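Every chain is numbered from 1 and lettered A, B, ... according to where its sequence line falls, protein lines coming before strand lines. Just so you know, these numbers come straight off a predicted model, no measurement behind them.
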Amino acid sequence: MPLNFKKIENKWQKIWKEEQFFKTRDEGKNKKNFMLLTEFPYPSGNLHIGHWYAFAVPDIFARYLRMNNKNVMYPIGFDAFGLPAENAAIKRGINPRKWTEKNISFMTKQLNNMGAAFDWNRKVSTIDPEYYKWTQWIFLQMFKKNLAYRTKTFVNWCPKDKTVLANEQVVNGRCERCGALVVQKEFEQWMLRITKYADRLIDDIEKLDWPETTKLAQKNWIGRSQGINFKEKVKDLNIEFEVYDSIPQTFLAQTFTVIAPEHPLVEKLIIGTEYEKPVREFVEKIKQKKAADKFEIEKESEGIFTGRYVDNPFGTGDFPIWVASYVVADYGTGIVNCSAHDERDFAFAKKYDIPLKIAMLPSDKIMAEKVKNFEECYLDPNGILQKPAEVRGMNWTEARKPVIEYIENKGFGKRTTHYRLRDWVISRQRYWGVPIPVIHCEKCGYVPVPEKNLPVELPKLKDFLPTGEGKSPLAKAKKWVDVDCPKCKGKARRETDTMDTFVDSSWYFIRYTDPKNKNKFADRKKMKKWLPVPLYIGGAEHNTMHLLYSRFFTKVLYDLKLAHFNEPFVSRRNHGTILGPDGQKMSKSKGNVIDPDAEVKKYGADSVRMYLAFMGPYDQGGPWQFTGITGISRFLQRVFNISKNLSDKTDREIEKTLHQIIKKVGEDIESLRFNTAISGLMIFLNKAEKNSINKKTFEDFLKLLAPFAPHLSEEIWKTNLNNKKSIHIQPWPKYSNKMIAEENFELVIQINGKVRDKILAKKGVNQEQAEKLAVKSSKIKNIIAGRNIKKTIFVPDRLINIIL
RNA sequence: GCCCGGGUGGUGAAAUGGUAUACACGAAGGACUUAAAAUCCUUUGCUCGAAAGGGCGUGUGGGUUCGAGUCCCACCCCGGGCACCA
């Protein structure tokens with residue numbers, strides 16, 4: 001009889017919902033709390049097969065933990081502010097809130113079809129004023145501590161979306177969302193001082209149980225670099241400045257200085273000189289070029305001489321100062337000293353005929369000649385330093401420390417650290433986001449909205465289209481904008497920018513512990529019960545953004561004594577991406593998108609989720625194969641069939657296999673190796689079908705299956721086997737090592753490392769006995785015949801290798 | 001350019017330095033059926049051989065080892081991240 005999975009799934013989903021079966025209490029009797037966190041979805045419209053991968057597969061783990069005496073919280077929510085909702089709403093002529101809420105209710109229904117053990121009582125939605133009240137509140141705590149500030153800065157501007165973008169939202173010089181070419185524009189922006197935490201964000205990452213790739217990506221993203229800031233003077237002008245160098249070993253080879261075109265100092269260098277006009281023209285040209293394709297690396301740098309010199313910095317002569325296109329204005333100090341030991345400097349000097357010097361040579365004589373003649377740029381850790389005299393003969397690596405000390409002793413410069421990481425621009429000139437809770441007063445400056453007036457609710461606007469002048473659409477809400485200053489009661493205006501949605505998602509996991517609290521962002525006692533999050537599962541695309549921001553927020557809250565932990569996620573595991581059947585990324589234009597609803601309709605939710613778990617390693621993802629799911633579907637049908645065909649005894653062999661897979665399935669789930677766990681279940685069923693199996697043994701097997709196929713196992717458990725209480729609260733079966741232990745094993749016999757025969761032997765035989773058994777085999781006898789055994793290598797309970 | 005991953009049957013994939021290809025899909029043959037579907041059984045890395053049995057096989061080329069998919073060196077290809085960071 002073919003299974004009516006639809007009926008079964010509807011039935012149990014309804015019952016679980018009515019019984020509030022997955023409601024999490026803050027306390028479990030003698031149970032440890034465990035929050036299994038997955039990245040809350042963006043309500044884009046309907047569920048994608050990727051959502052199933054992200055939520056239904058970890059649900060296996062959540063259910064497993066529950067059966068293993070853990071008080072499990074498997075929370076869910078919606079990250080619901082953001083550009084796409086706004087764009088979609090504009091396109092359809094409806095309000096973003098309407099569009100978003102419609103999507104949320106539809107996706108909620110779909111999420112329930114997964115049969116995942118979500119606790120909907122703890123649902124968190126970032127567009128809920130009771131949620132964003134606390135997003136604003138946290139912002140104000142940062143503002144008070146000068147961690148949120150306003151500044152004029154060059155920002156990435158998307159001309160199509162008409163908004164400012166974070167560096168992270170720019171991909172290859174284009175807007176991540178719409179693909180338009182990003183340009184540079186100067187604006188007053190709200191920033192978060194994440195750079196203040198750069199060191200802690202790098203140093204604390206070591207102790208986390210996170211994928212090495214994620215750790216490395218964050219380290220590179222923060223990009224800590226240690227070196228020297230040289231102090232220098234401009235000749236004939238009363239100007240001092242600093243120059244950063246992360247590899248100061250070869251500093252005595254430096255012969256010229258380059259400055260970024262956007263650097264404010266450029267103007268001071270040239271004003272009133274004959275260079276004024278040509279340099280200005282050059283700077284304008286480069287600025288325009290950079291705005292057009294900032295992220296395209298130029299093949300050849302351009303530059304112009306400023307007519308000025310650095311005043312004899314190391315007592316070896318003056319350095320001409322050039323404006324050069326390859327210098328980055330906002331890294332280091334925006335000014336660089338140049339030598340022959342850097343590819344870019346070397347090429348630049350050659351192009352403009354600037355004299356060079358050498359401070360380091362290779363040991364190879366022919367190479368050294370080339371370097372001396374400036375035929376080749378040389379930078380190598382094995383290079384031999386020539387100067388200063390104090391380090392002559394040392395190699396580049398070992399010279400680093402003494403050279404740095406030499407530079408400091410001579411007073412040329414000081415040790416410093418610079419970072420690639422920039423402060424986080426959170427201002428968005430867009431409607432669909434959290435209003436920044438600040439009031440501008442002519443007299444008092446930027447005044448925080450008093451906490452009792454939070455949340456600053458997003459006003460309802462008919463016209464929420466971007467203005468296109470860098471002003472938020474909120475500026476159009478005149479009644480909302482005009483307020484009294486909380487300090488002086490004079491006329492003032494509200495801030496009209498909204499926050500980057502990454503702010504919303506930087507603390508959502510905390511709210512899960514206490515989602516309905518009206519007085520605090522979360523109760524401290526409740527936080528202590530659940531946090532830090534023991535395991536966070538999500539996509540690798542969040543390596544440098546969301547995960548870094550959440551760590552930053554956590555550290556800020558920790559410093560403010562608002563959180564008892566300074567790292568949010570103890571363990572982190574990434575999942576892979578599900579590709580289309582053609583092995584390509586799914587996209588509408590390619591027509592390779594898998595609709596989970598259609599698959600569920602055909603095979604049922606249990607099959608879909610179990611196939612996703614079975615198709616390969618969870619961190620790898622891979623292409624969806626339409627034919628692959630039939631294997632799972634058949635397997636589940638066979639499980640159902642055998643439940644109707646139980647015997648009154650279990651063969652010893654089956655009993656043994658059961659204990660083996662209890663061990664295997666448990667261990668595999670714990671290391672997220674769902675694919676091999678399922679293969680274990682299949683091996684058991686294949687054997688059980690050919691032997692006899694009783695109710696007790698089958699029930700244990702069914703418990704192992706329960707996290708994978710929650711509906712079918714519950715149906716069999718209650719309806720076919722007449723059990724009263726749900727299978728999902730049964731204790732996970734225990735295995736006995738005694739049962740697993742085999743009496744015999746297959747002894748592999750190798751001759752000179754090649755497998756020649758396999759015989760059955762008793763476990764625990766020693767080398768001598770094994771050798772005797774081996775030479776008894778007729779095959780082996782024939783091969784050995786007449787030759788001498790030089791030696792044998794014996795691996796207990798496994799193999800013997802005879803060397804002739 | 002730099003930094004990470006990864007290359008195993010027709011396909012998705014398994015393998016603490018110790019039997020390469022578990023489990024599943026697909027394919028071929030068979031049973032059941034008037035027939036098909038479903039289901040069940042058998043075979044399924046390549047190759048020589050009638051068979052017994054042998055040879056070759058984890059991207060390529062070397063190396064370490066009694067023994068290498070696994071460790072080391074060089075290279076090729078694919079995927080991802082960062083990218084004028086001095």
*Asks:* Scan the side chains in residues 251-260 of chain A for donor-acceptor partners under 3.5 Å anywhere in the protein, sequence neighbours excluded, and list what turns up.
*Replies:*
residue	atom	partner	partner atom	Å
Gln254(A)	OE1	Asn337(A)	ND2	3.2
Gln254(A)	NE2	Asp245(A)	OD2	3.0
Thr255(A)	OG1	Pro355(A)	O	2.9
Thr257(A)	OG1	Asn337(A)	OD1	2.8

*Asks:* Checking side-chain polar atoms at under 3.5 Å, does Thr577(A) have a donor or acceptor matched by the opposite partner on Tyr53(A)?
*Replies:*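 Per modelled atom types, Thr577(A) and Tyr53(A) side chains form no pair under 3.5 Å.
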*Asks:* With both distances kept under 3.5 Å, what pairs with C23(B), Watson-Crick or G-U wobble?
*Replies:*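 Because both required distances fall under 3.5 Å, C23(B) counts as paired with G12(B).
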*Asks:* Is C2(B) paired to anything, Watson-Crick or G-U wobble with both distances less than 3.5 Å, and if yes, which nucleotide?
*Replies:* G81(B)
*Asks:* Distance check needed: C84(B) P versus Ile286(A) CD1, whole Å only.
*Replies:* 15 Å
*Asks:* Mind checking Ile629(A) for me? I need base, sugar-phosphate or nothing, with any heavy atom below 4.0 Å counting as a touch.
*Replies:* nothing
*Asks:* When only distance counts, do a donor and an acceptor, one from the side chain of Glu746(A) and one from the base of U19(B), lie under 3.5 Å apart?
*Replies:* yes
*Asks:* Hey, is G9(B) sitting syn or anti, using the within-90° cutoff around 0?
*Replies:* syn
*Asks:* Calculate the interatomic distance between Met682(A) atom CE and A13(B) atom C1'; express it in whole Å.
*Replies:*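 Rounding to the nearest Å, CE of Met682(A) and C1' of A13(B) are 12 Å apart.
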*Asks:* Extract all donor-acceptor atom pairs below 3.5 Å that involve side chains of residues 761-769 of chain A and protein atoms in other chains or at least two apart in sequence.
*Replies:*
residue	atom	partner	partner atom	Å
Asn766(A)	OD1	Glu768(A)	N	3.2
Asn766(A)	OD1	Gln769(A)	N	2.8
Gln767(A)	NE2	Thr792(A)	O	3.0
Gln767(A)	NE2	Thr792(A)	OG1	2.8
Gln769(A)	OE1	Asn766(A)	N	2.8

*Asks:* Paired with G57(B): which nucleotide, if any, by Watson-Crick or G-U wobble criteria at under 3.5 Å for both distances?
*Replies:* none
*Asks:* Is the base of C85(B) touched by the side chain of Arg344(A) through a donor-acceptor pair closer than 3.5 angstrom?
*Replies:* no
*Asks:* Taking any heavy-atom pair under 4.0 Å as a contact, classify Arg756(A): base, sugar-phosphate, or nothing.
*Replies:* sugar-phosphate
*Asks:* When the distance from OH of Tyr603(A) to P of A38(B) is rounded to whole Å, what number comes out?
*Replies:*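 One finds 11 Å between P of A38(B) and OH of Tyr603(A), rounded.
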*Asks:* Establish, with yes or no, whether the OP1 or OP2 oxygen of C85(B) is under 4.0 angstrom from a side-chain nitrogen or oxygen of Tyr244(A).
*Replies:*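 False: Tyr244(A) side-chain N/O out of range (4.0 Å or more) of C85(B) OP1/OP2.
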*Asks:* Does this structure show an ion pair linking Lys219(A) with Glu206(A), if we count only N-O contacts that are shorter than 4.0 Å?
*Replies:*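 A salt bridge links Lys219(A) with Glu206(A).
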*Asks:* Take atom P in C46(B) and the same atom in A22(B), then report the distance between them in whole Å.
*Replies:*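 Straight-line distance between the two P atoms is 13 Å.
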*Asks:* Return the residues of residues 609-618 of chain A meeting this criterion: a heavy atom under 4.0 Å from some atom of RNA chain B. Order them by number, or give none.
*Replies:*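 Nucleic-acid contacts, sorted: Phe614(A), Met615(A), Pro617(A).
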*Asks:* Does Ser339(A) reach a base, just sugar-phosphate, or nothing at all? Heavy atoms under 4.0 Å.
*Replies:* nothing
*Asks:* For U39(B), which nucleotide in any strand shown is its Watson-Crick or wobble partner with both distances under 3.5 Å?
*Replies:*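 Answer to the pairing question: A31(B), which forms a Watson-Crick or G-U pair with U39(B).
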*Asks:* Measuring only the C1' atom in each nucleotide, how far is C40(B) from C32(B)? A whole number of Å is fine.
*Replies:*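 These two C1' atoms come out 9 Å apart once rounded.
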*Asks:* Just checking Asp245(A): base, sugar-phosphate only, or nothing, at a heavy-atom cut-off of under 4.0 Å?
*Replies:* sugar-phosphate
*Asks:* Just N and O in the side chain of Arg634(A): are any of them under 4.0 Å from OP1 or OP2 of A38(B)?
*Replies:*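 Answer no for this pair, as no side-chain N or O of Arg634(A) is under 4.0 Å from OP1 or OP2.
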*Asks:* Identify whether the distance between the nearest side-chain nitrogen and carboxylate oxygen of Lys414(A) and Glu408(A) falls below 4.0 Å.
*Replies:*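 Salt bridge flag = no for Glu408(A) with Lys414(A).
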*Asks:* I want to check one thing: is the phosphate of A24(B), taken as OP1 and OP2, less than 4.0 Å away from some side-chain N or O of Asn686(A)?
*Replies:* yes
*Asks:* With sequence neighbours excluded, give me every salt bridge (charged side-chain N to carboxylate O under 4.0 Å, His left out) pair touching residues 667-677 of chain A.
*Replies:*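 Those involving residues 667-677 of chain A are Lys663(A)-Glu667(A), Lys664(A)-Asp668(A), Asp668(A)-Arg673(A).
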*Asks:* Please measure how far the P atom in G30(B) lies from the corresponding atom in C23(B), and state the result in whole Å.
*Replies:*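 Straight-line distance between the two P atoms is 25 Å.
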*Asks:* Taking atom C1' in both C2(B) and U21(B), what distance in whole Å separates the two?
*Replies:*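 The answer is 37 Å between these two C1' atoms.
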*Asks:* CD of Gln625(A) versus C1' of C23(B): gap in Å, rounded?
*Replies:*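 In whole Å, C23(B) C1' and Gln625(A) CD are 14 Å from each other.
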*Asks:* Determine the contact category for Lys754(A): base if any of its heavy atoms lies under 4.0 Å from a base atom, sugar-phosphate if only primed atoms, P, OP1 or OP2 are that close, otherwise nothing.
*Replies:* sugar-phosphate
*Asks:* What distance, rounded to whole Å, do you find between the two C1' atoms, one in A83(B) and one in C3(B)?
*Replies:*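 Result for the C1' pair: 10 Å, nearest Å.
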*Asks:* Any strand counts, and the cut-off is 3.5 Å on both contacts for Watson-Crick or G-U wobble. Which nucleotide pairs with A50(B)?
*Replies:* none
*Asks:* Less than 4.0 Å between a side-chain N and a carboxylate O, is that true for Asp209(A) and Arg573(A)?
*Replies:*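 Looking at Asp209(A) together with Arg573(A), the answer is yes, because their closest N to O distance falls below 4.0 Å.
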*Asks:* What integer number of Å spans the C1' atoms of A52(B) and G57(B)?
*Replies:* 23 Å
*Asks:* Whole angstroms only, please: what is the CG-C1' distance between Asp342(A) and C2(B)?
*Replies:*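 Distance check: Asp342(A) CG to C2(B) C1' gives 14 Å.
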*Asks:* Assign Leu799(A) to base, sugar-phosphate, or nothing according to its heavy-atom contacts below 4.0 angstrom with the strands shown.
*Replies:*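 Touches a base.
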*Asks:* Ile793(A) near the nucleic acid: base, sugar-phosphate alone, or nothing, with a heavy-atom cut-off under 4.0 Å?
*Replies:* base
*Asks:* Pick the C1' atom in C71(B) and in U65(B), then give their distance to the nearest Å.
*Replies:*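 Those two atoms are separated by 10 Å.
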*Asks:* Grab the CG-P distance between Asn788(A) and C66(B) for me, whole Å please.
*Replies:*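 Spelled out: CG on Asn788(A) to P on C66(B) is 19 Å.
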*Asks:* Restricting to non-hydrogen atoms, name the atom on Ala340(A) and the atom on Lys357(A) that form the minimum distance, rounded to 0.1 Å.
*Replies:* CB-O, 3.3 Å
*Asks:* Answer with base, sugar-phosphate or nothing: what part of the nucleic acid does Asn675(A) contact at a heavy-atom distance below 4.0 Å?
*Replies:* sugar-phosphate
*Asks:* Check every strand shown and say whether Glu343(A) touches a base, only sugar-phosphate, or nothing at a heavy-atom separation below 4.0 Å.
*Replies:* nothing
*Asks:* Mind running a 4.0 Å heavy-atom check of residues 225-232 of chain A against RNA chain B and sending the residues that fall below it, in number order?
*Replies:* Ser225(A)
*Asks:* Does a side-chain N or O from Gln620(A) land closer than 4.0 Å to OP1 or OP2 of G79(B), or not?
*Replies:*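 No.
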*Asks:* Provide the distance between the two P atoms, one in G69(B) and one in G63(B), to the nearest whole Å.
*Replies:*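 So the two P atoms sit 15 Å from each other.
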*Asks:* For a quick check under 3.5 Å, do Asn574(A) and Thr214(A) share a side-chain donor-acceptor pair by atom type?
*Replies:*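 The criterion, which ignores hydrogens and geometry beyond distance, is satisfied for Thr214(A) and Asn574(A).
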*Asks:* Under 4.0 angstrom, heavy atoms only, what part of the nucleic acid is Arg224(A) near: base, sugar-phosphate, or nothing?
*Replies:* nothing
*Asks:* State whether Glu39(A) and Arg572(A) are salt-bridged, where the test is any N-O pair (Lys NZ or Arg NE/NH1/NH2 against Asp/Glu carboxylate O) under 4.0 Å.
*Replies:*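 Result for this pair is yes, salt bridge flagged.
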*Asks:* At less than 4.0 Å, is any side-chain N or O atom of Ser246(A) found next to OP1 or OP2 of A86(B)? Yes or no.
*Replies:* yes
*Asks:* According to the side chain to side chain donor-acceptor pair (under 3.5 Å) rule, which pairs have a member within residues 611-631 of chain A, sequence neighbours left out?
*Replies:* none
*Asks:* Name the closest nucleotide to the Ser679(A) side chain, picking from C84(B), C23(B), A20(B).
*Replies:* C23(B)
*Asks:* In terms of side-chain geometry, is the basic nitrogen of Glu302(A) or Lys351(A) positioned less than 4.0 Å from the acidic oxygen of its partner?
*Replies:* no
*Asks:* Check whether NZ of the Lys or CZ of the Arg Arg420(A) lies under 6.0 Å from the centre of the six-membered ring of Trp221(A) and within 45 degrees of that ring's axis.
*Replies:*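 Yes, Arg420(A) sits over the ring of Trp221(A).
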*Asks:* Identify which nucleotide among C66(B), C3(B), C82(B) has an atom closest to any side-chain atom of Trp221(A), counting heavy atoms from C-beta outward.
*Replies:* C82(B)
*Asks:* Quick one: sort the Trp322(A) and Phe305(A) rings into parallel, tilted or perpendicular, breaks at 30° and 60°.
*Replies:*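 Answer is tilted, since the angle falls between 30° and 60°.
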*Asks:* Between Arg420(A) and C84(B), is there a contact of a side-chain N or O with OP1 or OP2 at under 4.0 Å?
*Replies:*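 Negative; the distance criterion is not met.
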*Asks:* Which part of the nucleic acid, if any, lies within reach of Val328(A) when heavy atoms closer than 4.0 Å are counted: base, sugar-phosphate only, or nothing?
*Replies:*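 Answer is base: heavy atoms of Val328(A) come under 4.0 Å of a base.
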